[in-house]
Amino acid sequence: MSVEASSILPEDVQIALDRLRSYASRTPEHSIASLPDKYASYPRPRFAAVLVLLYHKPGGGGTRVLLTTRSKQLRSHPGQAALPGGKSDDEDGTPIQTAFREANEEIDLPVDPHPLSAHIQVLTLLPTQLSLFRLLVTPVVAFCHRPDLVLPTLKANEAEVAGIFDHPLEAFLDPDVMKKGGESLVEKGEDWIYDDELHNTSDLTWLNNSRYRMHRFRSSATPIKGLTADILILTAQIAYARGTAYIRHAPNQTDGFGQAIEWVMEEARAAGGWAKAPRVDGKPDGADPATDSRLTEEKKAADNAAIARLGGRRDRDDEDLGPYTPNVGLSRVGTPSPPS
């Protein structure tokens with residue numbers, strides 16, 4: 001993607017963008033066909049990418065990230081907050097192509113040769129993440145220099161997207177930003193069932209009995225959680241060069257993507273191939289998300305208490321354990337460090 005001469009941005013926004021660009025210099029772009037050797041046996045249909053599209057909102061709105069609410073008709077993650085993206089197609093040569101193609105299909109984001117695409121600049125690729133369904137998901141971070149021109153053209157593909165909204169990037173480090181900035185919040189109740197005002201967590205047992213901390217952020221739409229939340233926490237940590245105001249990881253949470261991918265590949269080998277391999281939570285691919293329960297006992301107790309207060313409604317957390325996003329590219333204290 002090309003970009004016109006950068007518009008004048010506040011100094012703090014420009015510094016954040018420079019940090020993301022600097023991160024890119026340590027994270028070389030890879031093609032889907034030539035990922036690191038340890039991913040060589042991964043099936044091509046299991047590669048995916050998402051777009052983290054940032055822009056500056058004048059008047060105190062700060063740096064925002066564009067999100068969608070997935071259609072309730074979708075089989076996977078129905079009604080949940082998401083970043084535009086999806087699985088790679090045969091014609092996609094890089095995660096960047098996958099992310100922008102999917103964003104164009106989902107929300108009509110302008111892409112080449114549309115002239116408005118010149119206002120969007122790719123900043124970096126983040127370390128590849130492992131999803132619940134064993135997809136290798138590469139986040140592509142980009143910046144829109146003219147949101148006043150680009151955002152009005154966006155239109156949700158109703159078959160996939162129920163709505164489009166945004167969220168302050170800094171709020172993924174400090175949820176109190178939502179209150180300090182007077183941000184719009186969904187009412188407590190159906191779309192936010194938790195006692196916590198802005199940010200809810202629960203620690204779950206996952207791969208090889210490892211621990212995983214699920215983060216949920218209250219927004220103007222549906223909760224931002226799971227893989228989406230983890231990707232945006234990492235993006236914010238790099239952009240603002242600081243850690244979170246809350247405790248990021250569960251005690252003894254596995255550190256490092258390499259270990260997670262090795263576990264999943266071992267499962268596939270033991271099962272006699274990817275088609276027979278269980279999902280990372282031990283369920284077979286194709287299990288009905290509506291009936292598939294992966295909640296640990298402590299999360300069940302917390303959710304049941306919230307459900308009782310709402311007269312029996314369960315939050316749509318059937319895909320809540322979606323990500324495995326270990327602390328790749330971050331130091332122990334949560335500040336960005338160069339990937340090895």
Side-chain angles (χ1 to χ4, degrees), residues 50-57 59-86 99 102-103 105-109 139 141-142 144 147 150-202 214-233 235-236 289 303 306-307 310 313-323:
V50 294
L51 180 64
V52 182
L53 184 61
L54 306 176
Y55 66 92
H56 173 64
K57 186 175 184 179
T63 300
R64 321 288 293 190
V65 60
L66 193 73
L67 293 129
T68 68
T69 300
R70 290 170 59 83
S71 168
K72 294 181 181 179
Q73 307 307 313
L74 293 173
R75 181 183 175 280
S76 140
H77 310 278
Q80 293 187 9
L83 294 162
E102 286 284 339
E105 293 174 4
E106 293 179 10
I107 58 174
D108 205 24
L109 184 75
V141 184
C144 178
V150 174
L151 298 188
T153 71
L154 302 183
K155 181 180 179 181
N157 176 349
E158 294 181 0
E160 299 184 50
V161 174
I164 303 171
F165 67 103
D166 65 13
H167 198 81
L169 181 64
E170 191 176 8
F172 294 103
L173 299 182
D174 182 2
D176 282 345
V177 165
M178 298 297 289
K179 285 294 185 69
K180 296 173 183 175
E183 296 284 343
S184 175
L185 291 168
V186 70
E187 293 291 330
K188 283 193 173 184
E190 182 175 356
D191 287 315
W192 184 258
I193 69 172
Y194 309 102
D195 288 334
D196 306 276
E197 185 70 15
L198 299 170
H199 175 231
N200 171 270
T201 66
S202 56
M214 170 65 60
H215 293 270
R216 304 173 186 86
F217 295 89
R218 189 177 174 189
S219 74
S220 62
T222 49
I224 303 167
K225 59 187 180 180
L227 179 60
T228 300
D230 285 341
I231 290 171
L232 294 174
I233 292 169
T235 303
D303 279 1
I307 291 162
L310 292 171
R313 183 189 177 279
R314 175 176 288 280
D315 181 27
R316 292 184 295 273
D317 269 2
D318 48 79
E319 300 296 341
D320 219 9
L321 193 52

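Here, residue 1 is the first one in the sequence, and each next residue gets the next number.
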message = Checking L198 against L185 for the side-chain contact (heavy atoms from CB on, under 4.5 Å) test, could you report, in this order, the C-alpha distance in whole Å, the side-chain angles of both residues, the deciding distance, and whether it holds?
response = CA-CA 9 Å; L198 299 170; L185 291 168; 3.7 Å; yes

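The side-chain heavy atoms of T228 and F217, taken from C-beta on, include no pair separated by under 4.5 Å. Side chains of D166 and V65 form no contact here, defined as non-hydrogen atoms less than 4.5 Å apart. Looking at heavy atoms from C-beta onward, R216 lies in side-chain contact with S202 at the 4.5 angstrom threshold. Contact check for L227 versus V50: no side-chain heavy atoms found under the 4.5 Å cut-off. In this structure, the side chains of L109 and L154 come closer than 4.5 Å at one or more pairs of heavy atoms. Annotation: side chain of I164 is not in contact with side chain of L151 (no heavy-atom distance under 4.5 Å).
Using cut-offs of 30° and 60° on the angle between ring planes, the pair Y194 and W192 is perpendicular.
The CD1 atom of I224 sits 7.0 Å away from atom CG of L232, with the distance rounded to the nearest 0.5 Å. For the atom pair L53 CG and I107 CD1, the distance stands at 7.0 Å (nearest 0.5 Å). Between atom OG of residue S219 and atom NZ of residue K225 there is a gap of 11.0 Å, rounded to the nearest 0.5 Å. Taking CG of D108 as the start and CG of N157 as the end, the distance is 9.0 Å to the nearest 0.5 Å.
Contact between H215 and D230 at its shortest, heavy atoms only, is CD2-OD1, 4.2 Å. T222 and A81 make their closest contact through OG1-N, 3.3 Å (heavy atoms, listed as atom of the first residue, atom of the second, distance). The two residues E190 and I193 have their closest heavy-atom pair at O-CG2, 3.9 Å. Nearest heavy atom pair, residue P152 against residue P147, reads CD-O, 3.4 Å.
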Result block: side-chain N/O donor-acceptor pairs under 3.5 angstrom for residues 167-178, not counting sequence neighbours:
unit_1, atom_1, unit_2, atom_2, d
E170, OE2, R242, NH2, 2.7
D174, OD1, D176, N, 3.1

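A salt bridge is absent between E183 and R218: the closest approach of a Lys/Arg side-chain nitrogen to an acidic carboxylate oxygen does not fall below 4.0 angstrom.
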